[in-house]
Novice: 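First, the structure itself, so that you have it in front of you.
We number each residue from 1, following the sequence as shown. From a predicted model like this one, the values you see are computed outputs, not experimental measurements.
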Amino acid sequence: AMEKSYMSMFLLLVAISCALAKDVGKKETKETAAKPKLPQTLSRGWGDQLIWTQTYEEALFRAKHSNKPLMIIHHLDDCPHSQALKKVFAEHKDIQKLAEKFILLNLVYETTDKNLSPDGQYVPRILFIDPSLTVRADITGRYSNRLYAYEPSDISLLYSNMQKALKLLKTEL
């Protein structure tokens with residue numbers, strides 16, 4: 001029972017620190033509102049030199065017409081798991097290079113398309129869609145309870161899944 005209460009204390013502290021950070025952020029935006037803000041890049045830190053689409057609809061359109069697979073990353077700015085995955089993703093040279101062969105979209109909100117949450121709306125989760133606009137539900141990570149989740153330690157699995165999404169493409173079309 002002792003361990004449990006430690007854990008809930010820890011979680012409470014994490015929640016409090018997130019809330020405090022949010023308040024600090026709010027104050028700053030009031031003062032800096034006068035200065036012109038640089039536009040938030042569509043990469044949101046997942047690869048600033050890559051070309052990212054703005055919406056799910058645009059991404060589907062581009063995938064279909066360019067004959068490239070689409071890679072969708074669902075994440076949240078204040079989720080430590082998303083942050084950790086983003087860091088390794090952005091710093092992984094081979095992944096960044098391979099990502100150029102995809103239509104790319106990262107989302108911090110859920111779409112209404114239920115096909116993008118085959119087993120729930122958790123983050124981070126990464127799904128591939130082929131140019132026939134079929135969600136590749138068969139390209140999964142290593143967790144049976146969250147099929148499309150990746151931890152930073154799974155980065156090489158994500159890389160091989162990206163290769164898989166491209167390879168299947170060549171053989172099927």
Novice: Holding to salt bridge (charged side-chain N to carboxylate O under 4.0 Å, His left out), I want the full list of residues that pass it with K87, two or more places apart in sequence or in another chain.
Specialist: E91
Novice: Please examine the side chains of K97 and D94, heavy atoms only from C-beta on, and report whether any two atoms are closer than 4.5 Å.
Specialist: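 D94 vs K97: side chains apart.
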Novice: Heavy atoms only: give me the nearest L70-A59 pair and the separation to one decimal.
Specialist: CD1-CB, 3.6 Å
Novice: With a 4.5 Å heavy-atom cut-off, do H81 and P124 have their side chains touching?
Specialist: yes
Novice: To the nearest 0.5 Å, what is the distance between NZ on K167 and CG on N161?
Specialist: 10.5 Å
Novice: Between the main-chain N or O of N106 and the side-chain N or O of R44, is there a donor-acceptor pair closer than 3.5 Å?
Specialist: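 Pair found, side chain donor or acceptor close to backbone of N106.
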Novice: Go through I103 and S66 one step at a time and tell me if the side-chain contact (heavy atoms from CB on, under 4.5 Å) criterion holds.
Specialist: CA-CA 9 Å; I103 301 298; S66 66; 3.6 Å; yes
Novice: Between L85 and E151, does a side-chain contact (heavy atoms from CB on, under 4.5 Å) hold up when you go through it step by step?
Specialist: CA-CA 6 Å; L85 184 63; E151 297 281 330; over 6 Å; no
Novice: Starting from L107, can I reach L60 by hopping between I/L/V/M/F/W/Y residues whose side chains sit under 4.5 Å apart?
Specialist: yes
Novice: If you measure from the Lys or Arg side-chain nitrogens to the Asp or Glu carboxylate oxygens, is any gap between R146 and D119 under 4.0 Å?
Specialist: no
Novice: Any salt bridge between K68 and E100, counting N to O under 4.0 Å?
Specialist: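 Here K68 does not pair with E100 in a salt bridge, since their nearest N and O are not under 4.0 Å apart.
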Novice: Hydrophobic clusters here meaning ILVMFWY residues chained together by side-chain heavy-atom distances under 4.5 Å, can you tell me if L166 and M71 are in one?
Specialist: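 In one cluster: yes.
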Novice: About how many Å separate OG1 of T41 and CG of L50, when rounded to the nearest 0.5 Å?
Specialist: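 Interatomic distance, L50 CG to T41 OG1, rounded to 0.5 Å: 10.5 Å.
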Novice: Check the hydrophobic clustering (I, L, V, M, F, W, Y; side-chain heavy atoms under 4.5 Å; chains of links allowed) and say if I126 and I139 are grouped together.
Specialist: yes
Novice: Within a reach of under 6.0 Å around CD of Q54, are more than 12 heavy atoms found that belong to other residues, nucleotides or ligands?
Specialist: no
Novice: So which atom in R142 and which in D154 form the shortest heavy-atom distance, rounded to 0.1 Å?
Specialist: NE-OD1, 2.6 Å
Novice: Quick one: OH on Y109 to NE2 on H75, what's the gap to the nearest 0.5 Å?
Specialist: 10.0 Å
Novice: Nearest 0.5 Å please: distance from the OG1 atom of T53 over to the CZ atom of F102.
Specialist: 13.0 Å
Novice: Where do P131 and A63 come nearest, in terms of heavy atoms and distance?
Specialist: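 Smallest interatomic distance, heavy atoms only, reads CB-O, 3.6 Å.
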Novice: Within the supplied structure, the quantity of interest is the number of heavy atoms (other residues, nucleotides, ligands) at a distance under 6.0 Å from L76 CG; does it exceed 12?
Specialist: yes
Novice: Crowded around Y143 OH? As in, over 12 foreign heavy atoms under 6.0 Å?
Specialist: yes
Novice: Enter the distance from L105:CG to T55:OG1 here, rounded to the nearest 0.5 Å.
Specialist: 7.5 Å
Novice: When clusters are formed by joining ILVMFWY residues with side-chain heavy atoms under 4.5 Å apart, either directly or through shared neighbours, do Y148 and I73 land in the same one?
Specialist: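 No; I73 is not reachable from Y148 via cluster members.
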Novice: Could you tell me if the side chain of Y150 sits less than 4.5 Å from the side chain of R125, heavy atoms only?
Specialist: no
Novice: Do you know the tightest heavy-atom contact between C79 and V123?
Specialist: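 Closest heavy-atom pair between C79 and V123: SG-CG2, 4.0 Å.
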Novice: Starting at OG of S117, measure out to NE2 of H74 and round the result to the nearest 0.5 Å.
Specialist: 7.5 Å
Novice: Carefully, step by step, assess D130 and S132 under the rule side-chain hydrogen bond (donor to acceptor under 3.5 Å, both in side chains).
Specialist: CA-CA 5 Å; D130 68 27; S132 75; 2.6 Å; yes
Novice: Below 4.0 angstrom, N of the basic side chain to O of the carboxylate: do R62 and E57 qualify?
Specialist: no
Novice: Measure the shortest side-chain to side-chain distance between I129 and L116 over non-hydrogen atoms and say whether it is less than 4.5 angstrom.
Specialist: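 Of all side-chain heavy-atom pairs linking L116 with I129, at least one is under 4.5 Å.
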Novice: To check you understand the geometry: which heavy-atom pair defines the closest contact between G45 and A90, and what is its length?
Specialist: O-CB, 3.4 Å
Novice: If hydrophobic clusters are built by linking Ile, Leu, Val, Met, Phe, Trp and Tyr wherever their side-chain heavy atoms come under 4.5 Å apart, do Y56 and L127 end up in the same one?
Specialist: yes
Novice: With under 30° as parallel and over 60° as perpendicular, where do the rings of W52 and F89 fit, or are they tilted in between?
Specialist: tilted
